[in-house]
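Notes to accompany the following structure.
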Amino acid sequence: MGNIIDTLNKNQMEELERQYAIYSSGVSEIIPAAELKEKIAKSIASGIPMKIKLGLDPSAPDVHIGHTVVLNKLKQFQENGHIIQLIIGDFTGKIGDPTGKSTARKQLTNEEVKHNAQTYFEQFGKVLDMSKVELHYNSKWLSRLNFEDVIHLAGSVTVARLLERNDFSNRLEEGKPISLHEFFYPLMQGYDSVMLESDVELGGTDQHFNVLMGRQLQEHFGKEKQVVILLPLLEGLDGVEKMSKSKHNYIGIDDAPNDMYGKTMSIPDELMTKYFDLATDLTLEEKHRIKAELSEGNLHPRDAKMLLSRTFVRMYHGEEAAAAAEKHFKTVFQKGSLPDEIPLVVWTGPKELLLIDLLVELNLLPSKSEARRMIAGGGVKVNGEKVQEIKTNLEIKEGTILQAGKRKFVQLTFMDE
């Protein structure tokens, strides 16, 4: 395969460079990059599409914008005619991926796995053309392995190699238990690549060890080794932690249009280009243009953020909903009346509360008497609208924005139900 690039004609070479530029954009690492070019060249020359793998442990089915980083990369391969292999870990999901965990994960039941997998299918369809996706359940081959097969598989990797994983080595150093079955998770994920003869596997940077295991096992079983593409993890609305429902810093792809638009407007300015790069369906040229205009000061950060918000709503709800969400935002939050960054506060209290009590509870005002005076003076706004009635009983909704005075703002979000 090493000389295949030399056999391409001019048009084929241009196509190779075009595809490689798309696939390499926004990624953290390609292992190894030269082999990805060779695989693309082989596909162009032969007309045989590459097989692009993504493994899913269906333990958290609520898809948010952070999850779509890898889905958008899959979509790029799909749009160029390559085969997407989604592997539902109905077997491995019952064990639980130990990646990044300080304790063993709760094992899932068959019913939980099936329910979560169905939710994935429905939500992934908002990004991928699911009619052109190969869906595989890894129980099809893993449940057929006998004990001799398992011993042979285990013999392909050393304990020292497995302990290179930080989560395992950290638990060992801290004296925390590691169950033997957890060592088999990366082996099983790698074995999926052997059975499907995957050409490329995608994963987040936290999956570095697991996806490289597929490459190692393919070599062990005499298969052509897959290329690994690692994608960055997207920080959430707080700008610090990885986007996660448990961190309450996420934008869900099932969020209502107005909520999605409003949440996106609260991300830190410095993360905008990363969101454009990793989570939107804009072309490379559009992304480069936005980045250049922001850098040169020709595009105001607030206008860029409105474009990002509109893009997300358009991607998941359509053009009409995007236009309506932007109109709503402009109507409720007059341009320039809100700061670019509003602190996000997790609200765990009742969903309905006297506004006076809420203002004090959130430390926006020091006392109820001060809250009454501020409301009476027209200094309190809810979602950009001035509150007139002192005894207002407020229904608290996801994304509610409170303003006390000219400089104190908070946006409320809820704990998971």
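When all heavy atoms are compared, the tightest approach of Pro49 to Ser43 is CA-OG, 3.7 Å. Closest of all the heavy-atom pairs between Glu326 and Tyr261 is OE1-OH, 2.7 Å. Ile65 and Ala279 get closest at one heavy-atom pair: CG2-CB, 3.6 Å.
Taken to the nearest 0.5 Å, the CD1 atom of Ile22 stands 12.5 Å off from the NZ atom of Lys75. To the nearest 0.5 Å, atom NE2 of residue His67 and atom CG of residue Asn72 are 13.0 Å apart. For the atom pair CG (Leu307) and NE2 (His300), the distance works out to 14.5 Å, reported to the nearest 0.5 Å. Rounding to the nearest 0.5 Å places CG of Leu354 at 9.5 Å from CG of Leu394. Between the CZ atom of Phe409 and the CG atom of Leu364 there is a distance of 10.0 Å, given to the nearest 0.5 Å. Taking OG of Ser244 as the reference point, atom CG of Leu234 lies at 12.0 Å (rounded to 0.5 Å).
Remark: Lys287 pairs with no residue by the side chain to side chain donor-acceptor pair (under 3.5 Å) rule, at least two apart or across chains. With sequence neighbours excluded, the residues that form a side chain to side chain donor-acceptor pair (under 3.5 Å) with Asp129 are Ser131. Under the side chain to side chain contact (heavy atoms under 4.5 Å, CB included) criterion, Leu180 pairs with Phe183, Phe184, sequence neighbours left out. For Phe312, the ring pair (Phe, Tyr, Trp, His ring centres under 6.0 Å) test picks out no residue, with sequence neighbours left out. For Lys263, the salt bridge (Lys or Arg N to Asp or Glu O under 4.0 Å) partners are Asp255, Glu398, not counting sequence neighbours. Contacts of Lys274 classified as side chain to side chain donor-acceptor pair (under 3.5 Å), with partners at least two apart in sequence or in another chain: Glu235. Residues meeting the ring pair (Phe, Tyr, Trp, His ring centres under 6.0 Å) test with Phe276, sequence neighbours left out: none. Checked against side chain to side chain contact (heavy atoms under 4.5 Å, CB included), Glu17 has the following partners two or more places apart in sequence or in another chain: Met13, Lys37. Tyr275 pairs by the ring pair (Phe, Tyr, Trp, His ring centres under 6.0 Å) definition with nothing, not counting sequence neighbours. Remark: Gln216 engages Arg161 in a side chain to side chain donor-acceptor pair (under 3.5 Å) (not counting sequence neighbours). When the side chain to side chain contact (heavy atoms under 4.5 Å, CB included) test is applied to Lys140, the partners found at least two apart in sequence or on another chain are Arg144.
Between the side chain of Arg215 and the main chain of Gln226, a donor-acceptor pair closer than 3.5 Å is present. For Asn138 (side chain) and Gly89 (main-chain N/O), no donor-acceptor pair under 3.5 Å exists by modelled atom type. Side chain of Lys381 to backbone of Leu402: no donor-acceptor contact under 3.5 angstrom is found. Distance alone, capped at 3.5 Å, is enough to place a donor-acceptor pair between the Asp90 side chain and the Ser139 backbone. Without hydrogens or angle criteria, Gln123 side chain to Val63 main chain gives a donor-acceptor distance under 3.5 Å. Remark: side-chain polar atoms of Asn9 are paired, donor with acceptor, to backbone N or O of Gln12 under 3.5 angstrom. One N or O on the side chain of Ser24 and one on the backbone of Tyr20 form a donor-acceptor pair closer than 3.5 Å. Using a distance-only test at 3.5 Å, with no hydrogens or angles considered, a donor-acceptor pair links the side chain of Gln218 to the main chain of Ser193. Under a 3.5 Å cut-off, the side chain of Thr119 and the backbone N or O of His115 do form a donor-acceptor pair.
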Take Asp192 and Leu142 through the test side chain to side chain contact (heavy atoms under 4.5 Å, CB included) and record every step on the way to the result. CA-CA 8 Å; Asp192 292 346; Leu142 291 175; 4.0 Å; yes
Trace of the side chain to side chain contact (heavy atoms under 4.5 Å, CB included) decision for Lys242 with Asp206: CA-CA 11 Å; Lys242 179 180 81 169; Asp206 58 343; 3.9 Å; yes
Might you work through the side chain to side chain donor-acceptor pair (under 3.5 Å) test for Glu385 and Asn383, ending with a clear yes or no? CA-CA 6 Å; Glu385 295 183 357; Asn383 292 335; over 6 Å; no
Stepwise side chain to side chain donor-acceptor pair (under 3.5 Å) test for Ser198 and Gln85: CA-CA 8 Å; Ser198 306; Gln85 300 173 319; 2.7 Å; yes
Apply the test side chain to side chain donor-acceptor pair (under 3.5 Å) to residues His136 and Glu134: give CA-CA distance (whole Å), side-chain angles for both, the deciding distance (0.1 Å), then the verdict. CA-CA 6 Å; His136 301 276; Glu134 284 188 2; 2.9 Å; yes
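No more than 12 heavy atoms of other residues, nucleotides or ligands shown are found within 6.0 angstrom of CD on Glu219. Counting heavy atoms of neighbouring residues, nucleotides and ligands inside a 6.0 Å radius, atom CD of Glu320 does not exceed 12 of them. In the displayed structure, Lys291 atom NZ is contacted under 6.0 Å by at most 12 heavy atoms of other residues, nucleotides or ligands. The number of heavy-atom neighbours closer than 6.0 Å to CD of Glu361, taken from other residues, nucleotides and ligands shown, is 12 or below. With a 6.0 Å radius and a threshold of 12 heavy atoms from other residues, nucleotides or ligands, Glu148 has its CD atom at or below the threshold. Within a 6.0 Å sphere centred on CD1 of Ile48, other residues, nucleotides and ligands contribute 12 heavy atoms or fewer.
Within the 4.5 Å cutoff, the side chain of Leu359 has heavy atoms near those of the Val380 side chain. Ile290 places a side-chain heavy atom less than 4.5 Å from the side chain of Leu299. Contact check for Ser25 versus Asp277: no side-chain heavy atoms found under the 4.5 Å cut-off. Between Leu412 and Val346 there is no side-chain heavy-atom pair separated by less than 4.5 Å. Within the 4.5 Å cutoff, the side chain of Leu54 has no heavy atoms near those of the Ile87 side chain. For the pair Asp199/Glu224, a side-chain contact is recorded, criterion being any heavy-atom separation below 4.5 Å from C-beta on. Considering only heavy atoms from C-beta on, Asn393 stays 4.5 Å or farther from Leu355 through its side chain. The closest side-chain heavy-atom distance from Leu237 to Tyr250 is not below 4.5 Å.
By the 4.0 Å N-to-carboxylate-O rule, Lys126 lies close enough to Asp254 to be salt-bridged with it. Taking a cutoff of 4.0 Å between a charged side-chain nitrogen and a carboxylate oxygen, Glu15 and Lys10 do not qualify as a salt bridge.
For residues 198-223, the set of pairs meeting the ring-ring contact (aromatic ring centres under 6.0 Å, His included) definition, not counting sequence neighbours, comprises His152-His220, His152-Phe221, Tyr191-Phe221.
Results of the side-chain hydrogen bond (donor to acceptor under 3.5 Å, both in side chains) test with His82 over Lys132, Lys39, Lys51, Gln19 single out Gln19 as the only residue that passes.
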